[in-house]
Trainee: 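I'd like to ask some things about the structure below.
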Amino acid sequence: VGLDQTTQLSLRPQIIELGVGQPDPRLLPGDCMRAATAAMLAAGWEPLAYGANAGPENLLSQLALRIAQSEREPSLSEMIVTGGNSQALDELCTLLAQPGDAVLVEAPSYNFALQILRDHRLQLVTVPVDENGLVPDAVDDVLRTLHEKGTRPAFLYTIPTFHNPTGVSLTLPRRRQLLAIAASNDLWVVEDDVYRDLVYSGSAPPSLWTLDDAESVIRLGTFSKVLAPGVRVGWMTAPRKIITQLVGGGLRMSGGGPSHFAAMAVAEFMAAKRFEPHIEHLRASYCGRRDELSAALDDLIPEAQHQRPAGGYFVWVKLPRSFDTEELLPIAEDAGVAYVPGQRFYTGGSGNRYLRLSFSMYSPQMLRDGVLRLRTALDRAGA
Ligand SMILES: Cc1ncc(COP(=O)(O)O)c(C=O)c1O
């Protein structure tokens, strides 16, 4: 098998890797990016110089127009280009938190974001997610408990739209309730909005950033899932005072904007009007995969519970009885399928009846085969 030294993606040939939450390499826009990069380099030296601290203005202005079509138009002073959501979250930890500070996180939440928060020595305080998303009443309760101890959390990290790992979206009333709680408690909300464009049923709910009128929300968007994770380019829409501090911080003063070369190539890709058709193609491909994975679960493992997600990459499966999904994994791998055990998305060891499946990497037929192998693993483990 061996680790791939060039990319994070390492697939084992005998295994259907339903644990991998990455774009299908066959859906990466190689030809279009080659053309965009060539056009960019032909236009001048700028991509090879240090970039503007906030990111290239031609990318920011195109993003602002695009965001304005479905949300509200950010001014350029409310935006920066980032090196993707992981880099942006790390930069925000540096700006907003000190080691030892509390941060609120969802239970469950994206496992590697939890790792970034831990890297900053932050204390993770959890609030539950149910089938309607994060529970705002629980945020209120936790804030009160922290307040009684004389503690104020540095921020709340949330994935309100097509959540990783559960696939659920925060309902509109809960969005409003959460924003009211944030406003009255002076709480920063970091909205990880990575899957917004990958919507398969209806339209994506409005972002917290769009609904926010109290300047509480910092929203992170990324090209990782809708173009290519290798470009390491994303964006942030946030209150001006946050943007001003990031732009004037040592990291950007010294090195300029992150991923500058790639950001200029992405700007060229957008200017060539290639982005929207590409997203349409992704939606159509992933929608069929989502439908097949969900149908295969219903057909082959009817005793497990799952909700078909309206967008994103993931189906969150609850097994009927107390299989420990961490212990089940080697049995599943022997049967030729992998997933991510639920415990990895919690801070305190719960979640062992859950597993996360991703439908992004494989064709519908392979997804069905993967579920069939999972059925075999469950039968073997139950035997
Ligand atoms: C919720 C969430 N946030 C962030 C990321 C990573 O984003 P980026 O590639 O922009 O760093 C992922 C990727 O799986 C994700 O699911």
Side-chain angles (χ1 to χ4, degrees), residues 7-10 17-25 27-28 55 59 63 79-94 103-120 124 129 133-134 155-170 189-199 204-205 207-209 218-238 257-259 262-263 266 279 282 286 290 309-316 339-340 342 344-347 356-361:
T7 71
Q8 204 188 56
L9 185 62
S10 67
E17 304 270 15
L18 301 185
V20 176
Q22 300 190 26
D24 183 344
L27 294 172
L28 297 175
L59 180 56
L63 278 169
M79 297 178 76
I80 47 170
V81 172
T82 69
N85 286 12
S86 314
Q87 184 275 336
L89 180 60
D90 192 79
E91 209 176 340
L92 285 172
C93 287
T94 305
V103 283
L104 305 190
V105 296
E106 294 163 322
S109 183
Y110 172 47
N111 50 340
F112 295 127
L114 298 178
Q115 181 68 42
I116 293 170
L117 301 175
R118 286 194 194 101
D119 290 347
H120 283 263
L124 309 187
V129 169
L134 173 68
F155 55 84
L156 160 71
Y157 169 74
T158 175
I159 313 158
T161 304
F162 314 138
H163 182 257
N164 180 1
T166 65
V168 301
S169 290
L170 191 64
V189 176
V190 175
E191 175 179 27
D192 188 340
D193 206 12
V194 63
Y195 296 106
R196 163 161 305 277
D197 281 307
L198 294 179
V199 53
S207 61
L208 294 172
W209 173 77
I218 302 166
R219 186 267 297 272
L220 310 179
T222 179
F223 285 98
S224 286
K225 312 295 174 177
V226 285
L227 199 156
V231 295
R232 310 307 309 134
V233 180
W235 62 93
M236 182 187 297
T237 54
S259 308
V266 171
I279 291 183
L282 293 181
Y286 290 139
R290 172 204 64 167
Y313 273 180
F314 306 113
V315 176
W316 184 235
Y339 57 81
V340 186
R344 299 189 193 176
F345 304 98
Y346 287 87
T347 57
R356 191 197 74 179
L357 303 178
S358 170
F359 51 82
S360 61
M361 285 288 297

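For reference, positions follow the sequence shown, starting with 1. In listed order, ligands and their atoms are each counted from 1.
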Trainee: So, does F112 sit close enough to ligand 1 that a heavy atom of it is under 4.0 Å from the ligand?
Mentor: no
Trainee: For I159 and S109, which heavy atoms make the closest approach, and how far apart are they?
Mentor: CD1-OG, 4.1 Å
Trainee: To the closest 0.5 Å, what do you measure between CD (E191) and CG (L156)?
Mentor: 10.0 Å
Trainee: Show me which atoms of ligand 1 lie under 4.0 Å from any heavy atom of I159.
Mentor: 1 (C)
Trainee: Specify the protein heavy atom at minimum distance from atom 16 (O) of ligand 1: its residue, its atom name, and the distance to 0.1 Å.
Mentor: Y195 OH, 2.6 Å
Trainee: Students should be able to answer this: which protein heavy-atom is nearest to atom 14 (O) of ligand 1, and at what distance?
Mentor: K225 NZ, 2.8 Å
Trainee: Restricting to non-hydrogen atoms, name the atom on T82 and the atom on G221 that form the minimum distance, rounded to 0.1 Å.
Mentor: OG1-O, 4.4 Å
Trainee: Any idea which part of N85 is under 4.0 Å from ligand 1, heavy-atom wise: side chain, backbone, both or neither?
Mentor: both
Trainee: What is the distance from atom CG of L114 to atom CZ of F345, rounded to the nearest 0.5 Å?
Mentor: 9.5 Å
Trainee: Report, in ascending order of atom number, the atoms of ligand 1 lying under 4.0 Å from any heavy atom of G84.
Mentor: 10 (O), 11 (O)
Trainee: With heavy atoms only and a cut-off of under 4.0 Å, state how Q87 meets ligand 1: side chain, backbone, both or neither.
Mentor: neither
Trainee: Which atom pairs, one a donor and one an acceptor, fall under 3.5 Å between side chains of residues 223-233 and the rest of the protein, sequence neighbours left out?
Mentor:
unit_1: S224; atom_1: OG; unit_2: T222; atom_2: OG1; d: 3.1
unit_1: S224; atom_1: OG; unit_2: R232; atom_2: NH1; d: 3.3
unit_1: K225; atom_1: NZ; unit_2: G21; atom_2: O; d: 3.0
unit_1: R232; atom_1: NH1; unit_2: P229; atom_2: O; d: 3.0

Trainee: Between D119 and Q115, is there a side-chain donor-acceptor contact under 3.5 Å, judged purely by atom types and distance?
Mentor: yes
Trainee: Consider every N or O of D192 and every N or O of ligand 1, then say whether any pair is closer than 3.5 Å.
Mentor: yes
Trainee: In residues 85-92, what donor-acceptor pairs under 3.5 Å come from side-chain atoms, sequence neighbours left out?
Mentor:
unit_1: N85; atom_1: ND2; unit_2: D192; atom_2: OD1; d: 2.7
unit_1: N85; atom_1: ND2; unit_2: L220; atom_2: O; d: 3.3
unit_1: Q87; atom_1: OE1; unit_2: G83; atom_2: N; d: 2.9
unit_1: Q87; atom_1: NE2; unit_2: E91; atom_2: OE1; d: 2.7
unit_1: D90; atom_1: OD1; unit_2: H120; atom_2: NE2; d: 2.8
unit_1: E91; atom_1: OE1; unit_2: R252; atom_2: NH2; d: 3.2
unit_1: E91; atom_1: OE2; unit_2: R252; atom_2: NE; d: 2.7

Trainee: I'd like to know if H163 contacts ligand 1, where contact means a heavy-atom distance under 4.0 Å to any ligand atom.
Mentor: no
Trainee: Tell me, which protein residue and heavy-atom name are nearest atom 11 (O) of ligand 1, and how many Å apart are they?
Mentor: S86 OG, 2.5 Å
Trainee: For atom 9 (O) of ligand 1, what is the closest protein heavy atom, and at what distance to 0.1 Å?
Mentor: S224 OG, 2.6 Å
Trainee: Which pair of non-hydrogen atoms, one from R196 and one from F162, has the smallest distance, and what is that distance?
Mentor: O-CE1, 3.9 Å
Trainee: Which heavy atom of the protein is the closest neighbour of atom 5 (C) of ligand 1, given with residue, atom name and distance?
Mentor: Y110 CE2, 3.6 Å
